[in-house]
Amino acid sequence: MSRPLIEARDVRVTFDIHRPSDLPWTPPAQLHAVNGVSFTLEPGQTLGIVGESGCGKSTLARALIRMLPASGQVIWQDGTDLLTLSPRQMLKYRSEIQMIFQDPLASLNPRMTVGDIIAEPLRTHRPGMSAKERKDKVRAVMERVGLLPNQINRYPHEFSGGQCQRIGIARALVVEPKLLICDEPVSALDVSIQAQVIGLLEELRRDLGLTIIFIAHDLSVVKHLSDEVMVLYLGRMMEKASSDELFAEPRHPYTQALLSAVPIPDPKIEKTKQVIPLEGDLPSPMAPPKGCVFRTRCPKAQAICETVPADHLTGGHHTACHFAGETVSA
Ligand SMILES: Nc1ncnc2c1ncn2[C@@H]1O[C@H](COP(=O)(O)OP(=O)(O)O)[C@@H](O)[C@H]1O
Ligand SMILES: [Mg+2]
């Protein structure tokens with residue numbers, strides 16, 4: 001087997017929260033936004049990361065590219081732990097890992113032309129490139145993502161949401177990254193446009209051999225694109241398995257509940273299917289439940305779940321639950 005392109009080991013991100021009402025000598029409260037996330041991603045594979053808003057998806061993505069301080073290890077293909085690098089050393093890897101964001105228009109500078117926006121990473125990462133080479137490269141990548149090269153002098157507001165996301169994808173691809181991190185790239189788009197953007201990402205993966213981390217809050221969005229899927233809840237991994245296995249045989253009660261809420265296109269099946277309700281509200285991430293973090297909303301919770309964390313993940317199909325098939329308690 002080839003070497004993984006990227007491997008995250010026990011990644012944690014903690015925010016210190018200072019509340020205005022706190023007395024000056026009160027220590028800050030801690031929010032564990034990402035709490036022990038690990039994964040291995042082989043070249044050319046796609047990892048889907050799913051979970052409700054606030055579960056730590058964007059924080060994890062930012063930690064991987066050093067936009068936020070994190071603990072643990074993020075091992076790149078060449079054996080380097082990215083979390084140990086200085087900002088200058090990290091620059092080299094930043095051209096190999098590019099990111100696209102949720103709000104396509106907001107992530108583009110409104111005062112720059114599309115050509116300049118897409119060329120910007122080249123100015124940073126390929127300073128030796130001539131203006132002519134840069135322009136050729138920009139035109140080629142525009143064509144690759146389905147934009148017309150003659151739109152190079154237009155401004156972002158002249159484009160639709162779906163086209164703006166294509167501009168974001170072009171800007172990410174222009175430096176020929178190995179890893180593309182997509183943070184909810186289609187959440188802000190209409191359903192029909194979502195399918196087009198996902199189709200484009202699929203094409204790029206096939207044609208360029210791109211490795212992708214695809215973040216979404218909805219399981220149905222990651223289904224077709226992902227080789228492996230990780231489900232997060234309050235900063236922790238609940239379940240991680242191959243996409244086929246996770247969708248055919250979800251083992252964690254949280255995944256089962258999320259999947260039961262995904263509409264099925266066939267109305268006959270849709271009518272008979274049972275939606276598993278999630279009890280109560282999402283607990284505050286500042287005060288997560290003791291024991292298993294999911295237990296306050298879990299239909300299967302027992303006494304053990306109140307005291308013993310269910311973080312122990314084993315086997316190829318990881319499930320952080322005391323009552324899931326392969327789980328072995330620590
Ligand atoms: N800069 C920050 N300072 C303090 N808390 C933050 C910061 N960024 C995110 N958080 C908190 O961390 C948690 C995870 O946030 P985020 O990663 O944005 O979730 P998601 O992308 O899954 O919606 C949330 O509780 C959020 O409020
Ligand atoms: Mg987010």
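What's counted below: heavy atoms across the whole structure, side chains too, no hydrogens, waters or symmetry copies. One-based numbering, in listed order, for ligands and for the atoms of each. Fair warning: this is a prediction, and the values are worked out from it, not measured in the lab.
Near Ile17, meaning under 4.0 Å from one of its heavy atoms, ligand 1 places the atoms 4 (C), 5 (N). Taking every non-hydrogen atom of Thr59 and a distance limit under 4.0 Å, the qualifying atoms of ligand 1 come out as 9 (C), 14 (C), 15 (O), 16 (P), 17 (O). Annotation for ligand 1: atoms under 4.0 Å from non-hydrogen atoms of Leu31 are 12 (O), 25 (O).
Residue contacts with ligand 1: Lys57 is placed with a nitrogen or oxygen under 3.5 Å of a nitrogen or oxygen of the ligand (distance criterion only). Any N or O atom pair closer than 3.5 Å counts here, and Gly56 shares at least one such pair with ligand 1. In terms of polar-atom proximity, defined here as any N/O pair under 3.5 Å, Leu60 makes no such contact with ligand 1. The shortest N or O to N or O distance between Gly54 and ligand 1 is below 3.5 Å.
Counting protein heavy atoms under 4.0 angstrom from atom 15 (O) of ligand 1 gives one or more.
Between His252 and Tyr254, the two ring planes are perpendicular [angle over 60°; tilted spans 30° to 60°].
Glu176 and Lys137 are joined by a salt bridge, as a carboxylate oxygen and a charged side-chain nitrogen come within less than 4.0 angstrom of each other.
Asp16 contributes no side-chain N or O that, together with a main-chain N or O of Gln30, makes up a donor-acceptor pair within less than 3.5 Å.
Ordered by chain and number, Ser58 OG make up the set of protein N, O or S atoms under 2.8 Å of the Mg ion (ligand 2).
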